[in-house]
Amino acid sequence: MPKSPEPAATSESLIARILAAIPQGPGYLLALSGGGDSAALLKILAGRVELRCAHINHGLGPQAPEMQTAAERMALRYHCDLETRTLPTPPASNLENWAREQRYAALAALLQPGEILLTAHHRDDQAETFLLAAARASGPAGLRAMVELQPFGVGWLARPALGISRDELQSVLDPAVDVWVSDIGNSDARFDRNRLRHDVMPVLAAWKAEAPANLARAATQWAQVQQHWAVMLNAYAEEISGGIPHAWRAEALLHLPDDVRGMFLRRMTDQAGAPPPPAGVLRQLPEQLRNARDDASVCLQWLGWSLRLYRKRLFLLPPLPALPVTSQSLSAQSHVDVPWSAGGQVRVTCASEEPTVIAGGQTGAVLSLNNGQHKPLSKLFQEMGVPVWVRSYWPQMLRAGEVVAVAEIESSWPADVSNFRWLQAPGWVQPWLDRARARAFR
């Protein structure tokens with residue numbers, strides 16, 4: 001393999017700062033756009049770290065082929081492997097968000113376990129991102145703009161040039177030997193960032209030369225504030241959860257100021273992998289909690305996720321699966337493991353000669369217990385600690401449309417149903433199954 005060119009000798013202090021900002025990892029993948037920023041970062045890093053490159057062709061504008069060619073030539077010059085991907089046909093609107101989301105998805109697919117994706121975002125990008133977030137009222141989390149290191153796909157995303165200006169970063173490039181493209185797409189006035197870059201940032205810099213650097217510094221300070229808040233909110237969540245995942249004492253939440261409660265719930269939903277709750281949900285929550293007549297009266301939903309009340313605790317729930325339907329008819333003397341809702345499984349032993357089916361959804365029936373008592377299912381589920389939203393998913397035996405047995409409860413039906421139990425419960429049911437088995441009515 002040909003030897004790589006000698007590492008750039010220009011601005012050793014700049015190179016040292018870049019290298020110091022790169023975390024240790026098994027390997028690095030550089031997002032190489034074909035523009036000047038990523039070309040400069042490639043020149044700095046080539047021969048200094050174990051590096052490969054990726055170019056994502058957005059197909060936006062006439063320069064797309066030229067930018068891919070530039071990326072290929074730069075990778076070839078610095079003897080770095082390059083993988084290219086072409087994005088699907090772009091939509092007619094919302095191009096800026098589409099391009100960003102598609103680009104990161106393509107890069108995530110190329111990342112190897114533990115590998116670190118490097119992007120050439122710099123201080124001027126950070127200042128623009130901070131102003132955009134402020135203009136869009138993105139909230140405290142948005143004002144932190146970009147962070148230097150974060151989990152990404154199966155590895156990490158690092159931005160080692162985030163503290164360096166665009167001009168300083170590109171100062172290492174030599175037009176005589178290096179190839180890059182000045183992306184005319186950066187002048188497209190359809191995109192908010194471009195209008196900010198060309199219409200607003202020059203005015204700010206002319207007013208105060210240090211304004212871009214100070215804006216970038218403000219973003220860093222907001223990121224630090226967010227980190228401190230995250231530590232405190234996580235500690236508070238543990239304190240008011242009582243050991244139950246994604247559940248918190250409703251009274252404790254009500255005592256929080258509205259803005260702190262909002263930050264808390266946004267933090268918790270983010271950790272659970274849920275989309276952030278809309279402002280309307282956060283506004284309605286305290287009123288619903290204060291006026292709750294019963295647990296079922298508190299249910300706030302967005303994009304399939306929900307906040308629900310049960311026994312004075314507020315639960316964050318993922319989208320629930322479709323309700324189970326009649327699953328399997330049992331013949332006499334059968335012993336089977338029945339597939340159940342959302343990947344669950346039920347074990348059934350049935351010694352009855354009468355046709356029997358396993359089903360779900362019945363919550364208003366009355367069950368005869370083996371101690372001679374008759375209890376409504378709602379009462380039994382309450383005693384077992386099974387929340388309202390789980391009950392319709394609980395396996396039941398039906399004979400002629402009548403509930404004669406319920407999983408984990410011994411009934412008086414004249415058949416051997418002692419082995420009617422959950423064999424494998426879906427993850428979101430498991431905590432309630434553990435409590436039900438501890439409190440099951442015998």
Please check if atom [atom1] in [X] has more than 12 non-hydrogen atoms from other residues, nucleotides or ligands closer than 6.0 Å.
| X | atom1 | result |
| --- | --- | --- |
| E50 | CD | no |
| R283 | CZ | no |
| W229 | CH2 | no |
| E287 | CD | no |
| E148 | CD | no |

Worksheet item: Pick one: which of W422, W432, W428 meets ring pair (Phe, Tyr, Trp, His ring centres under 6.0 Å) with Y393?
Response: W428
Distance-only, no hydrogens or angles: does the [X] side chain make a donor-acceptor pair with backbone N or O of [Y] under 3.5 Å?
| X | Y | result |
| --- | --- | --- |
| R313 | S241 | yes |
| R261 | L256 | yes |
| R391 | V386 | yes |
| R159 | V147 | yes |
| W302 | P275 | yes |
| S33 | G35 | yes |
| D434 | P431 | no |
| W394 | A407 | yes |
| Q126 | G163 | no |
| H246 | F315 | no |

Worksheet entry | Validation row: L32, L42 side chains within 4.5 angstrom (heavy atoms) | yes
Worksheet item: Does any non-hydrogen side-chain atom of I116 lie less than 4.5 Å from one of L29?
Response: no
Ignoring hydrogens, what is the shortest heavy-atom contact between [X] and [Y]? Give both atom names and the distance.
| X | Y | result |
| --- | --- | --- |
| L367 | A405 | CD1-N, 3.7 Å |
| P319 | W305 | CD-NE1, 3.5 Å |
| L233 | R267 | CD1-CB, 4.0 Å |
| A31 | L107 | CB-CD1, 4.0 Å |
| P26 | P113 | CG-O, 4.3 Å |
| A127 | L215 | CB-CB, 3.8 Å |

Looking at [atom1] of [X] and [atom2] of [Y], how far apart are the two atoms once the value is rounded to the nearest 0.5 Å?
| X | Y | atom1 | atom2 | answer |
| --- | --- | --- | --- | --- |
| L51 | L82 | CG | CG | 10.5 Å |
| I164 | I18 | CD1 | CD1 | 3.5 Å |
| Q301 | L317 | CD | CG | 9.5 Å |

Worksheet item: Of all residues at least two apart in sequence or in a different chain, which pass the salt bridge (charged side-chain N to carboxylate O under 4.0 Å, His left out) check with R290?
Response: none
Discussion item. With side-chain contact (heavy atoms from CB on, under 4.5 Å) as the criterion, how do T119 and R103 come out once you've worked through the C-alpha distance, each side chain's angles and the decisive distance to 0.1 Å?
Written reply: CA-CA 12 Å; T119 67; R103 177 172 65 252; over 6 Å; no
Fill in: Sidechain N-carboxylate O distance under 4.0 Å for K312, E251
no
Item to complete: Might you work through the side-chain contact (heavy atoms from CB on, under 4.5 Å) test for L265 and W248, ending with a clear yes or no?
Response: CA-CA 10 Å; L265 290 173; W248 313 281; 4.2 Å; yes
Worksheet item: Taking atom types as modelled, is there a side-chain donor on E238 or N234 under 3.5 Å from an acceptor on the other?
Response: no
